Each structure stands twice: as C-alpha cells, then as structure tokens.
Q: 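Pasting in a structure now, in structure tokens, and then I'll have a few things to ask.
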Protein chains: 2
Amino acid sequence: MREPRKAPTMADVARVAGVSAMTVSRALKSTSSVNPDTRKAILEAAEAIGYVLDGTASSFRLQRSGFVAATIPSIDNANFAATVGALTEGLKAAGLEVLLGATNYDLAEEERLIEQFLRRRPEAIVVTGGSHTDRARRMLEQAAIPLVETWDLPAEPIGHVVGFSNAAAIRTMVDHFADAGYRDIAFIGGEAARDSRGHDRRQGFVEAMTARGLDAGRLIDAGPPPISVREGALAMRALIERGLGAQAVICVSDLAAFGALTECQRQGLAVPRDVAIGGFGAYEIAAYSVPTLTTIDARAAEIGAEAARLVTGLLDGRIERTERLRIEVPYRLLIGQSS
Amino acid sequence: MREPRKAPTMADVARVAGVSAMTVSRALKSTSSVNPDTRKAILEAAEAIGYVLDGTASSFRLQRSGFVAATIPSIDNANFAATVGALTEGLKAAGLEVLLGATNYDLAEEERLIEQFLRRRPEAIVVTGGSHTDRARRMLEQAAIPLVETWDLPAEPIGHVVGFSNAAAIRTMVDHFADAGYRDIAFIGGEAARDSRGHDRRQGFVEAMTARGLDAGRLIDAGPPPISVREGALAMRALIERGLGAQAVICVSDLAAFGALTECQRQGLAVPRDVAIGGFGAYEIAAYSVPTLTTIDARAAEIGAEAARLVTGLLDGRIERTERLRIEVPYRLLIGQSS
DNA sequence: TTGAAAGCGCTAACAG
DNA sequence: CTGTTAGCGCTTTCAA
C-alpha cells in the first residue's frame, strides 16, 4: 500500500510556487492579503503535492491547541451523547474541537484522563459532575484554563457550573407520585460511591419521602453503573421476589425503568395498574415503550449548548474569568402512561 | 477565579531544581538514567510549581501526535460506541489516543472532519464504512498513514478493512424467516444514499427474497438516518395503514424494530402471532423487550478491537504496510421471541 | 550522569 | 503585497 513518505511542508509548497514560506502561510489564511494570482498559484502547488497544513506546528507556534477537553462517564449514553453533540456544535464556530474521553464512572480513570488531556494543552475543559479525586481537583485548578462542571450543582465547584439538582428533580417526581395517591414507593438506583448523580437522585428520593412522612426505606441497589435495562430488570425482579410491597417504583434512569417495566410484564404485573413506574432522562424509549414512561427531561443538549456558550465567552473575553458562574438548566417532568 | 497565567515550562522546573532543561526532560522519562537524588529534586520542583509536560511541544518535536483519528456516523449509538470503546482500549497500551468525530451520516461532513483531523497529524485513521467523497478518498490516500475502514466490506476499499457483509447478514435473517415459513416479508429501512450499511442491508433483503422467489417489493422507507425507535414506529404505522400484507417485518436496526414492535402493540397486533419482527445490531433492548427481538449481532466491540490490533501492528511494524488487509468479523444471528 | 546546541513547521512582528 | 528573522517547548545529538 502507501509508502510512509514524509509529508510536504510549507517550504515545499513555497519552492514549487516560487515564493517564500511566509507567503504560503498567508495564502492559506483567507484573511491575509495576498496577490490573487500568487494565491492561486500557491493553492495549485499545494494541491499538486498534496500539502495539508500542519496543525500541530501551527497550534504550537500560536500556543493555542484549538482543543476543548471533555469527559463524560460513558459514550454509550444518549444523554451524555446529546450534551457532547451540542457542545461540539456550539464550539465549531469558534474553531474549537472537542477532545472526548469516557471515564466509565470511575474517578481514578477520570483523573488519568484529565492528566492526559492537560498535556494536550486544551483551551478549556468540560467535565461531568463535581466529584473528582483530590489530585484531579488540584490539576484542574492549576491548569488555569476555563473549567465547566456539568450535569450537577456541586456543593464545592472548582469551576463554572452548568447543571441542575438531581435531588430536586427526583423530589419533583416523588411529589408527582405522592400527589397521585401513591404511598409505598420504591427506588431503584446504584452504588452511591461511583455515580454522584445517581447518588443525588437517591438522596432526593429519601428527602422527599421523608418530608411527606412516607417510608423512604425501599431502596433497591442495582449495583455499580452503568445501570441499564438489565440492571433495572434484575432489581425489579428482586423487588417482586421479596414481595413487592410498593405501588410505585422510581428508577435512576429510563433504561432501568424500561427494564423494570419489562420485568413486570414478564411477571404478569400490569403497569401502571399493579405498579407505577418512573424513570429519568427522557430517553427515546420512554416515549415509545408501552406504556410510555413518566420521566425527567434533564435537557441534555441544553447543558452542552450552555457549556459551549460559557467556554467561548470565557475564551474570547465576553465573559469575565473572575467570577464563578452557575447556570441552572431547568429540568422538566414528563408524565407518561406508566404512572 | 483562576488567573490565566502562563504555564510553567521545563526551563522553569530546571531553574527551581538547579539543573538544565535537558535533565528535567530525562528525569520525567523513566527510561533515561538520571541521578536518583537529582530526579527526586526535579520531580519535587515540578510538583511544586504545578508543571505538566507540554505534550504539544513534545509531539511536535518527535513528529508523533499520539493520535488516532476515528469517525463514526453518530455518537449516540450503542454499536458505534462499543466499537470506539474497544478501539480506545486497544490503543491505550501503545500510548495512542482517539480523536473522535461524528459525521451525522453525512459524507460531506465526513470530508470536513477528515480534513480537520488530518491537520492534527494522526498516526492512523479509522473510519466507518467504505463510502467517501472523492476528495475525502484523495485526502485519505495522500495522508500516507494506516487507514482502516470498518463495519463494512467495501467493494473498493482505500485501506485496510475490518467488517462484515451487511447484505449477507440480512440474507441470513431472511433465510431464517423463510425457513420458518414466512413468505410475505417487508423491510423497514432508510434512504439509500446516506447510509451505506443500511443500503447494503436492504440490498441483502432484496437479493435473498428474490433468490427464494419471494416478493422483494415490500420496502418501507423510514427516511434519512439516524433511524431510531420513532422512525421504526412511523414506518410500521404506515405499513399497517396500507393494509399490512406481511407476516414478517425485518428492520434495519433494533431500535427501529423496537419502534415497530411497540406500534404493533399500540395497534393491537400480537407479535409474533400477527407479525414477526427482526432487527439488527443486538442492542440491549433486543434482549429485554417483550417479546425479545430476533437480531443480528454484528460484534461491534470485536470490530473496534480488531481495528486497534491492526493499527498498532501497522505502526510498530509487526504488520507489513504493503498489503491491504481484510479482516472479516463474523456476525451472529440471535433468535428471539419475535419470530 | 549532565549540559549545550540545534531544529521540528509554523506565524507574529518587522522591514522593504 | 512579500520576504526575513526569530522563537514557541521540547528532545536528539554530540560533547564533556
């Protein structure tokens, strides 16, 4: 196949076009003034020898990488994918690219990723959540670049925040169920330690139940994240096997809720007649399952878009870098047929 | 918040530690020999002033970016996410990072992405599918770096290939349905132009039906990709409204199949009694929907892992760069309750 | 084991 | 409009 020959440089283009490297550089930038004929000759020469601008050299010289680093717990997640998609889109106009990494819900892995990313000299960094290892926090602080923490409202943010209260969102859902007359409500969620958003949601459940004088003790642990359909189904089965004892089940995500729903169907329980179900995340499946699922729309894309606005604003000076901003993206309760 | 001060360089560390920059460089590499005391002092100095190695300068000097560029049609897709996850994992040991971009099923966008990525001087590039614009093909050829085309077996590959025949996979599924006695089978898929894998699947459907002397005319267009639950449901509704006339429906993906399934449920059709359904991709939902879905497992993670093996092998010389490799990852038919 | 010099490819700044 | 010079931060090479 292809020979691993050396890539041509501006000097090569310059030689072919009979100009200096500097003129080539200018010709490739549409903003600088170059004689039209000269530019034409240069572009043709570049095309002829297959020249592609060396962005590594360029960004090194400019001391601007053009990268914004972003970490999410998992790539395979419609919510985070939507956030990243909107972030990428929002940064495009500013000529910024997203360097994406998945932590797999592991703070140690997040720390490794952050260290690796900081070596690439990103111009800003967008992370999911406000929980980080001490070393990660220190690295982020020392990096002295705009930092945005998303999908959460951390008690002690390191940088700017674009998110919402996961606890409040679940409280809203509990209120919805309680107002509808449900008293015995269970919560299917995951291990507290590895997923702060999941933890906050469980916290919100306990708070809301307690505030209403209801039993907040029906907590089913669905194991470590990612908590998906399978985990929801298994947790529901465990709940049914121990005698259910709940008229409603709130799940940490729609995928788990869908798993719980299908488990009910397999076990011959009617939803919502025998059990009502609530999810989280407004995944597409919530709108198409039979019955549709009551859920919380966390506005994943808006979170990414806001983060992009924040980053570009901070980088071009439209936003002061001195104050720590906190942008709350309002979640929405979507009532489905499952409750 | 943080002052946008200038990041410390090796020279700064050297000054603090009382050595030369070169010694700092060596001290940070575990492979070079440096006096243990000197190294200790240097690492402390680095820690003290918050020094982080400038990877952009390093890779510029070394003329090695440490990047492998990868393009996928969409981030929000469990199959491509699995491929990228395995690719990332497989490249980690070689010190390579993945620069990920989504084309949104748009060849023009893919061309833009490839151009952008090539500027970053990736050491290899992994793309999804074998359809590219002419300019993209030219750029990929001229880049003279290892190229892997995945998820397909292109008739005219530009580089190495790790994939499977989407047409053959669907033929296998058609055979399964036909062997089970189904004669009138419909296919729900998308616009041919934008998604070559979807196009090949439809092609496979037509071939297999024709080969068996069955009517290959029941093709329902679900519109442009991404074809998800909603599109599957709408297509199924359209099919039902025009009188169904099929005992089985094969969908271009499990998400569409799930949409079709739920539409049947909404319309009071029993699956598989009234209609059988087949999907594609072995998404988690196929294993948990009620009934479970018959599907094709394309082994998304294996594709990514094989691509990583290929890339690392080509880069470190274990694999000859001269021959065009074609690695076929065998798909599997998974029979569910829906057929 | 440590240091000095050179240069990777590009572009800002200045000069013509 | 075009050219020359210098240098971004690092590591290879050569020397001590």
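The structure displayed is predicted, hence computed values, not measured ones.
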Q: Indicate whether any N or O donor in one side chain lies under 3.5 Å from an N or O acceptor in the other, for B:Thr133 and B:Glu111.
A: yes

Q: Among residues 22-41 of chain A, which residues get a heavy atom nearer than 4.0 Å to DNA chain C?
A: A:Met22, A:Ser25

Q: Counting only side-chain heavy atoms from C-beta out, which of D:dT11, D:dG9, C:dC10 sits nearest to B:Leu62?
A: D:dT11

Q: Could you tell me the separation between the CZ atom of B:Arg64 and the P atom of C:dG7, rounded to a whole number of Å?
A: 23 Å

Q: Does any donor atom in the side chain of A:Asp76 or A:Ser74 lie under 3.5 Å from an acceptor atom in the other side chain?
A: no

Q: Should A:Phe60 be counted as stacked on D:dC8, where stacking needs a ring-centre gap under 5.5 Å and an angle between planes under 30 degrees?
A: yes

Q: If you assign each of B:Gly18 and B:Gln63 to its closest nucleotide in DNA chain C, which residue comes earlier from the 5' end?
A: B:Gly18

Q: Between C1' on C:dG9 and CZ on B:Arg121, what's the gap in Å once rounded to a whole number?
A: 9 Å

Q: Rounded to whole Å, please give me the gap between CZ in B:Arg119 and P in C:dC10.
A: 11 Å

Q: Please determine which of B:Thr128, B:Val127, B:Thr150, B:Asn77 meets the side chain to side chain contact (heavy atoms under 4.5 Å, CB included) test together with B:Ile72.
A: B:Thr128

Q: Using modelled atom types and a 3.5 Å cut-off, is there a donor and acceptor pairing between side-chain atoms of B:Arg64 and backbone atoms of B:Ser58?
A: no

Q: Quick check against the 3.5 Å criterion: does A:Arg194 have a side-chain atom that pairs as donor or acceptor with the backbone of A:Leu107?
A: no

Q: Please give, in whole Å, the distance from C:dC10 P to A:Asp12 CG?
A: 9 Å

Q: When the distance from CG of B:Leu53 to P of D:dG9 is rounded to whole Å, what number comes out?
A: 12 Å

Q: In terms of the nearest nucleotide of DNA chain C, which residue is placed more toward the 5' end: B:Ala21 or A:Gly55?
A: B:Ala21

Q: Would you mind reading off the distance between A:Ile42 atom CD1 and C:dC10 atom P, rounded to a whole angstrom?
A: 13 Å

Q: Where the side chain of B:Arg324 meets the backbone of B:His160, is there a donor-acceptor pair that is under 3.5 Å apart?
A: no

Q: By the definition side chain to side chain donor-acceptor pair (under 3.5 Å), identify the one residue from A:Arg138, A:Glu110, A:Arg137 that meets it with A:His132.
A: A:Glu110

Q: Between C:dG3 and B:Ser20, is there an OP1 or OP2 to side-chain N/O distance shorter than 4.0 Å?
A: yes

Q: At less than 4.0 Å, is any side-chain N or O atom of B:Tyr51 found next to OP1 or OP2 of D:dC10? Yes or no.
A: yes

Q: Between P on C:dC10 and CZ on A:Arg61, what's the gap in Å once rounded to a whole number?
A: 13 Å

